[in-house]
Amino acid sequence: MTAAVRTRFAPSPTGFLHIGGLRTALFCWLYARRHGGRFILRIEDTDLERSTDEAIQQILDGLEWAGLAHDEGPFYQTRRFGRYREVIEAMLQEGSAYRCYCTKEELDQLRAAQLARGEKPRYDGRWRERTDSRPGVQPVIRFKNPLDGEVVVEDVVHGRVVFQNRELDDLIIARSDGSPTYNFCVVVDDMDMDITHVIRGDDHLNNTPRQQNMLEALGRRPPVYAHLPMILGADGAKLSKRHGAVSVLQYRDEGYLPEALLNYLVRLGWSHGDQEIFSLDEMRRAFDIADVNKSAAAFNADKLSWLNQQHMMRAPLARMIWPLRWQLERAGVEVEDEVRLEQIVLALRERVKNLKDMAAQALFFFRAPLAYDEKAQRKHVTPDVLALWGALAGELAALQPWTAPALHELLNGLAAANGLALGKLVQPIRLAVCGAVVSPPIDATLALLGREETLSRLARAKAAWSP
RNA sequence: GCUCCCUUCGUCUAGAGGCCUAGGACACGGCCCUCUCAAGGCUGUAACACGAGUUCGAAUCUCGUAGGGAGCGCCA
């Protein structure tokens with residue numbers, strides 16, 4: 001029996017959760033779910049200067065909105081300082097770590113000199129074998145990295161990556177104030193939390209050999225590593241605020257369904273034959289970390305939009321209600337009637353790309369238009385049609401029942417009887433009730449609007465349009 | 001600068017030596033459907049970075065070159 005899969009997502013709360021982080025979380029989550037394992041959330045907040053509670057909350061909110069529930073945690077590194085100290089003490093005892101009394105100035109000087117010589121800047125190990133100390137200097141603790149030989153990282157996505165130990169220097173694992181550093185905490189945490197699969201961005205690939213060396217010094221076998229390709233901005237440059245390095249919560253605000261965002265993200269670097277649209281369940285069943293490819297992917301907002309619409313068209317109506325209602329509220333309209341909301345979803349979901357637009361397009365169902373599109377008015381409102389408005393109003397008033405099919409029949413009949421193409425009759429009506437000439441089919445629109453409101457808007461329009 | 005990683009249509013990708021005159025999707029163009037807008041159907045334009053090898057045969061293997069990215073912090 002193989003050990004249960006345990007993955008972790010370990011963001012540092014120095015900013016919001018963005019697309020890249022969410023994708024990493026998604027892959028960790030999917031992999032754990034796929035294998036009946038556990039998904040652990042760990043907050044890497046050892047940078048006391050830059051970590052904030054707001055950022056932590058944002059990350060939690062973002063993951064919750066996305067539906068990526070963790071099974072354990074969140075664990076905070078700041079609450080584990082005692083444990084780190086304990087491990088460092090042990091390493092000092094058995095000689096895999098040592099105190100270094102170099103000053104920052106000294107190190108800066110060393111770096112500058114190396115750079116000037118065209119060398120890779122790195123610590124030269126000058127305190128590695130010393131046992132004395134330097135009065136007045138608080139030492140840092142460094143890990144004693146092997147001097148020669150190689151470290152082989154067996155990466156699930158990149159394959160075998162070999163590093164030479166002589167390229168690696170003795171990194172600092174505890175600052176002079178005693179606080180532990182990232183590369184060390186990760187190792188201890190992954191070890192203590194029994195993480196079996198470390199899935200993270202490939203910007204960490206270069207950290208991996210040192211982490212593996214530390215793990216070895218601690219007497220542990222390395223976990224399985226999977227380094228995911230980066231996500232680039234639409235122009236192929238590094239993701240920045242302009243591109244989509246915005247909080248994932250902003251996607252919620254813009255009217256995206258989380259399952260659509262996740263679907264978009266899962267296809268960045270991963271594929272399953274020719275399939276483009278995945279439900280969460282399908283993703284879970286089909287996903288395998290071994291199918292992830294190596295190259296960075298550019299973010300494409302058009303495709304995300306398309307996917308969002310596809311998911312809206314496929315979603316159960318009930319699932320669409322709360323986000324639509326939320327968007328409507330943000331647009332200033334409170335709606336209680338869920339049946340009506342469902343009908344609106346039905347009428348609009350194939351004509352908009354997101355819920356925010358859906359709410360905007362739905363507004364006329366709740367508020368009569370304040371103005372009419374002038375261009376459309378010039379084009380569609382003719383004396384011929386206006387002459388029919390009396391008859392139209394009369395027939396509408398008498399129509400039984402007030403349903404889309406009945407309305408359809410009525411409009412068709414009226415147009416035919418007067419030798420008009422249906423469009424000639426319908427566009428002015430559309431303009432009268434919506435204020436514009438874009439809406440769902442007119443029969444469905446009027447059916448949803450109701451008889452009373454329809455008649456009142458027709459009358460208002462007629463008054464506004466009559467010379 | 002050094003080390004590591006990456007390289008198929010504009011973009012996301014399929015492709016694991018012959019199935020490839022390179023497939024799908026988004027976007028873009030055309031046609032159809034049609035009361036508007038969409039959605040949908042059909043269809044078109046468009047790619048193996050370059051150069052050497054290996055092989056009967058290479059998008060697929062090897063080596064170079066070029067381009068891009070990451071790391072080299074008492075940041076994570």
Side-chain angles (χ1 to χ4, degrees), chain A residues 10-14 44-47 49-51 77 100 102-104 107-108 111 114-123 138-142 153 155 158 161-164 166-169 171-177 179 181-183 185-186 201-209 227 229-230 232 234-238 264 267-277 293-307 309-310 313 348-353 361 376 380 408 411-412 415 421-427 429-431 434 436-443 445:
Chain A
S12 67
T14 53
E44 311 226 315
D45 54 353
T46 52
D47 185 350
E49 305 274 297
R50 298 193 298 156
S51 298
Q77 291 188 321
C100 165
C102 283
T103 61
K104 284 186 186 175
L107 293 173
D108 287 345
R111 230 186 320 266
Q114 287 165 329
L115 243 17
R117 269 180 271 135
E119 288 168 23
K120 175 176 178 170
R122 58 190 194 276
Y123 179 65
Q138 277 300 315
V140 298
I141 317 274
R142 287 182 185 271
V153 177
D155 191 279
H158 289 272
V161 184
V162 181
F163 296 85
Q164 297 303 319
R166 77 181 118 78
E167 295 293 337
L168 274 22
D169 64 358
L171 82 167
I172 293 172
I173 59 178
R175 304 177 179 95
S176 46
D177 67 3
S179 63
T181 60
Y182 164 77
N183 270 298
C185 296
V186 173
D202 67 14
D203 48 341
H204 288 282
L205 185 54
N206 284 304
N207 289 328
T208 309
H227 287 94
M230 303 272 87
L232 274 20
D235 54 2
K238 209 158 121 185
Y264 177 71
R267 286 283 292 99
L268 252 31
W270 176 83
S271 60
H272 184 65
D274 283 340
Q275 186 171 351
E276 295 288 351
I277 299 165
N293 62 207
K294 309 168 193 206
S295 46
F299 185 84
N300 185 266
D302 281 334
K303 188 153 183 183
L304 170 59
S305 263
W306 174 78
L307 268 172
Q309 183 176 33
Q310 293 299 318
M313 291 193 296
L348 287 172
R349 65 174 165 187
E350 63 189 33
R351 9 188 75 80
V352 292
K353 298 286 192 192
Q361 293 287 309
H380 298 290
H408 187 76
L411 263 10
N412 262 327
L422 187 55
K424 296 280 182 208
L425 173 63
V426 154
Q427 287 297 68
I429 298 176
R430 179 169 274 127
L431 186 62
C434 315
V437 282
V438 173
S439 88
I442 197 66
D443 48 3
T445 301

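Order of the sequence lines sets the chain letters (A, B, ...), proteins ahead of strands, with each chain counted from 1.
Spacing between B/A46 and B/U36 at atom C1', rounded to whole Å, works out to 33 Å. The P atoms of B/A16 and B/U60 are separated by 12 Å, rounded to the nearest whole Å. Separating the C1' atom of B/U43 from that of B/G51 is a span of 38 Å, rounded to the nearest Å. For the P atoms, the distance linking B/A59 with B/C50 amounts to 11 Å, nearest Å. The gap from the C1' atom of B/C63 to that of B/U21 amounts to 30 Å, rounded to the nearest Å. Taking the P atoms as reference points, B/G64 lies 13 Å from B/U3, given to the whole Å. Here the separation of B/G17 from B/A58, taken at their C1' atoms, is 6 Å to the nearest Å. The separation of B/C26 from B/C42, taken at their P atoms, amounts to 11 Å, rounded to a whole angstrom.
Below the 3.5 angstrom threshold, one finds a donor paired with an acceptor across the side chain of A/Asn206 and the base of B/A70.
Using a 4.0 Å heavy-atom distance criterion, A/Asp177 is classed as making no nucleic acid contact. In this structure, A/Gln309 reaches the sugar-phosphate backbone alone: every heavy-atom distance under 4.0 Å involves primed, P, OP1 or OP2 atoms, never a base. Backbone-only contact: A/Arg111 has heavy atoms under 4.0 Å from sugar-phosphate atoms and none from a base. Backbone-only engagement by A/Lys294 is indicated by non-hydrogen atom pairs under 4.0 Å involving sugar-phosphate atoms exclusively. Contacts of A/Gln138 with the nucleic acid, taken as non-hydrogen atoms under 4.0 Å apart, are absent. Residue A/Ser439 is classed as a base contact, given a heavy-atom separation below 4.0 Å to a base. Within the 4.0 angstrom heavy-atom criterion, base atoms lie near A/Cys102. Residue contacts shown for A/Asp443 include a base, since a base heavy atom lies under 4.0 Å away. Counting any heavy atom pair closer than 4.0 Å across all strands shown, A/Pro440 reaches a base atom. In this structure, A/Val161 reaches the sugar-phosphate backbone alone: every heavy-atom distance under 4.0 Å involves primed, P, OP1 or OP2 atoms, never a base. Within 4.0 Å (heavy atoms only), A/Ser305 reaches no atom of the nucleic acid at all. Heavy atoms of A/Gly201 sit nowhere under 4.0 angstrom from any nucleic acid atom. As judged by a 4.0 angstrom heavy-atom cut-off over every strand, A/Phe163 is placed among residues touching the sugar-phosphate backbone only. Among the atoms of the strands shown, base atoms are found under 4.0 Å from some heavy atom of A/Ser176.
Both A/His272 and A/Glu119 lie near RNA chain B, and the one whose nearest nucleotide falls closer to the 5' end is A/Glu119. Ranked by how close their nearest RNA chain B nucleotide is to the 5' end, A/Asn183 and A/His158 are led by A/His158.
Looking only at distances, a side-chain donor or acceptor of A/Arg430 sits under 3.5 Å from a matching main-chain atom of A/Pro440. For A/Gln361 (side chain) and A/Ser439 (main-chain N/O), no donor-acceptor pair under 3.5 Å exists by modelled atom type. Between the side chain of A/Ser271 and the main chain of A/Arg267, no donor-acceptor pair closer than 3.5 Å is present. Not one N or O on the side chain of A/Asp443 forms a donor-acceptor pair closer than 3.5 Å with the backbone of A/His408.
One atom, CG of A/Leu232, and another, C1' of B/U7, lie 12 Å apart when rounded to the nearest Å. If you take NE2 of A/His408 and P of B/U34, they are 11 Å apart, rounded to a whole angstrom.
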A/Thr181 and A/Asn183: side chain to side chain donor-acceptor pair (under 3.5 Å), yes or no, with the steps?
-> CA-CA 6 Å; A/Thr181 60; A/Asn183 270 298; over 6 Å; no

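Nucleotide B/U62 is matched to B/A52 when pairs are restricted to Watson-Crick or G-U wobble geometry with both distances under 3.5 angstrom. The partner of B/G71 is B/C2, judged by Watson-Crick or G-U wobble contacts that both fall below 3.5 Å.
For A/Gln310 and B/G40, the shortest distance from a side-chain N or O to OP1 or OP2 is below 4.0 Å. In this model, the phosphate group of B/C74 is not approached by any side-chain N or O of A/Thr181 to a distance below 4.0 Å at OP1 or OP2.
Of all nucleotides listed (B/A76, B/A27, B/C74), B/A27 comes nearest to the side chain of A/Asp302.
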Restricting to nitrogen or oxygen on both sides, can you table the protein-nucleotides 16-24 of chain B pairs closer than 3.5 Å?
unit_1	atom_1	unit_2	atom_2	d
B/G23	N2	A/Asp274	OD1	3.2
B/G24	N2	A/Glu276	OE2	2.9

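Contact annotation: the side chain of A/Asp202 approaches that of A/Met230 to within less than 4.5 Å [non-hydrogen atoms, C-beta and beyond].
Using a 30° and 60° split on the angle between ring planes, A/Tyr264 and A/Phe299 fall in the perpendicular class, above 60°.
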